[in-house]
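Below is one structure, written out as structure tokens, with a few remarks after it.
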Amino acid sequence: MTRAMGAAMRRIHVGNALSAFGLGFTVPYLYVYVAQVRGLGAMTAGLVLAVFAVAALIVLPFAGRAIVRRGPLPVLLVALVTAAIGALGLGLSRGAAAVLLSAAVLGAGQAVMQPALATMIVDCSGAETRSRAFATQFFLQNLGLGVGGLIGGHLVDPTKAGSFTVLFSLEAAMFLLLVVVMATVRMPHAPRITGAPAQSARAGWKQLLGNRAMVQLCVLGFVLFFACYGQFESGLSAYGVEAAGISTSALGTALAANTLVIVVAQFVVLRFVERRKRSRVIASVGLIWAVAWSVAGYAGLGGGSQAMATAAFISTYALFGLGEAMLSPTLAPLVADLAPTGMAGQYNSAFALVKQLALAVGPAVGGPLGASLHAPYIVVFVLFSLGITVLAVRLGRQLTDVQNQPSAARSRVVAQGGAAAGQAPAHA
């Protein structure tokens with residue numbers, strides 16, 4: 001990594017932390033704000049959460065092409081300004097129509113940030129530093145969300161709408177501050193597709209769909225996000241409350257345990273992950289999450305004491321956090337390594353689109369199932385987790401040695417180079 005790339009990467013990481021910090025202010029309190037503080041009811045609050053997903057699904061297919069043609073930095077700056085407008089609009093909105101429109105604007109901006117930042121990390125890192133760069137990104141995102149949520153919880157007062165207006169205004173200010181920070185980034189030269197004909201966008205998606213390994217990774221990604229993130233705040237929390245009798249404070253502790261494991265374990269796990277095949281790391285995550293769902297099954301169906309059920313439920317979230325820490329330096333670098341030259345933005349956007357689909361479908365399926373059909377809910381997601389392991393093993397057969405384990409490939413090159421150097425004097 002050159003000095004210029006290192007300087008750009010540091011600003012990108014600051015940007016990740018600031019965006020997560022801003023989101024942490026409002027995300028945990030959005031439902032309460034819409035349903036209770038603005039008095040718009042649970043139905044409107046549910047629609048707001050759905051609008052976030054729909055907005056992401058609409059803009060992401062176009063975002064990928066824009067990143068490829070214009071570069072990730074201009075796209076990111078537009079997304080940040082859009083998100084700031086949406087956040088400020090939410091804080092000032094009083095009626096349902098204004099709230100839904102602002103949520104759509106904020107959701108669109110947030111959705112485009114993810115692939116733009118990911119592509120910037122790809123452009124500013126090499127194969128040898130990419131896993132650590134994405135691990136750092138994930139670490140800072142979780143730290144920012146946690147700190148932002150903690151501060152936001154002390155700033156808001158459910159009896160005062162003005163306190164939420166301040167909160168959303170702070171979120172908008174974080175996005176605008178990030179615009180200033182990112183505008184100073186000097187991106188290294190990266191291949192771009194310029195002067196392409198109008199049908200090139202369709203050709204780009206056709207090329208992506210023709211990449212068998214990428215298609216398999218997208219299927220695997222959908223199952224991963226559906227079985228984890230798609231259940232955190234819907235099916236799993238509903239199961240915990242209804243089946244295991246978990247209190248709201250214990251649920252908050254479980255979420256905190258998830259974040260704590262990620263923050264503490266991220267760089268310890270990174271050393272393990274970097275020396276293993278990526279497909280095997282993902283397969284291991286499937287097994288860990290199968291254990292996590294089994295522990296959740298004990299919490300709600302095991303018939304133990306309430307203290308044991310609570311401890312088991314918190315352990316479930318902690319085990320999910322361990323799996324997430326293993327995935328962060330694995331999935332995103334693999335997407336980058338599968339992308340042809342100049343197409344990282346398109347591939348990152350496609351994978352972000354898959355994630356949004358899983359996050360939209362996951363709560364819709366898991367919420368009712370976790371609230372009422374407790375045993376089937378656990379069985380279904382144990383099987384989904386084992387399915388992750390199977391899909392990861394199959395994906396490994398589609399990957400080259402360099403894509404599956406870059407560190408081993410580099411080690412072989414170094415070893416071969418060293419041997420050649422050692423033989424030269426003998427030949428002489």
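Every heavy atom of this structure was used, including side-chain atoms; hydrogens, water molecules and symmetry mates were not. For the single chain, residues carry numbers from 1 onward in sequence order.
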- Check against ring pair (Phe, Tyr, Trp, His ring centres under 6.0 Å), Y239 and W293: CA-CA 11 Å; Y239 167 85; W293 282 108; 7.7 Å; no
- Message: One pair to check against side-chain contact (heavy atoms from CB on, under 4.5 Å): W289 and L224. What are the steps and the verdict?
- Response: CA-CA 10 Å; W289 286 358; L224 279 165; 3.7 Å; yes
- Task: Please lay out, stage by stage, how V14 and L178 fare under the test side-chain contact (heavy atoms from CB on, under 4.5 Å).
- Result: CA-CA 8 Å; V14 169; L178 185 50; 5.8 Å; no
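Of all heavy-atom pairs spanning F384 and A227, the tightest one is CB-CB, 4.2 Å. Across all their heavy atoms, G321 and I262 have their closest contact at O-CG1, 3.5 Å.
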Distance-only donor-acceptor hits, side chain of residues 96-116, under 3.5 Å, sequence neighbours excluded:
{"residue": "S102", "atom": "OG", "partner": "S93", "partner atom": "OG", "Å": "3.3"}
{"residue": "S102", "atom": "OG", "partner": "A98", "partner atom": "O", "Å": "2.9"}

Could you list the donor-acceptor pairs under 3.5 angstrom formed by side chains in residues 349-361, with sequence neighbours left out?
{"residue": "S349", "atom": "OG", "partner": "G64", "partner atom": "N", "Å": "3.1"}
{"residue": "S349", "atom": "OG", "partner": "G345", "partner atom": "O", "Å": "3.0"}

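The CD1 atom of I67 sits 10.0 Å away from the CG atom of D123 when rounded to the nearest 0.5 Å. Distance check, rounded to the nearest 0.5 Å: OG1 of T253 to CG of L260 gives 11.5 Å.
Of the possible polar contacts, none joining the Y33 side chain to the T165 backbone as a donor-acceptor pair under 3.5 Å is found. Between the side chain of R278 and the backbone N or O of Q403 there is at least one donor-acceptor pair closer than 3.5 Å. S131 places no side-chain N or O within donor-acceptor distance of the main-chain N or O of E274, the cut-off being under 3.5 Å. The main-chain N or O of R275 is found under 3.5 Å from a side-chain atom of Q405 such that the two form a donor-acceptor pair.
At a threshold of 4.5 Å between non-hydrogen side-chain atoms, the residues L386 and L287 count as touching.
We find that K277 and D401 are not joined by a salt bridge, their nearest charged nitrogen and carboxylate oxygen being 4.0 Å or further apart.
Here the two rings, on F313 and Y317, have centers that are under 6.0 Å apart.
Atom CZ of R276 sits in a crowded spot, with more than 12 heavy atoms from other residues, nucleotides or ligands closer than 6.0 Å. By the 6.0 Å contact criterion, CZ on F62 is open, its count of non-hydrogen atoms from other residues, nucleotides or ligands being 12 or less.
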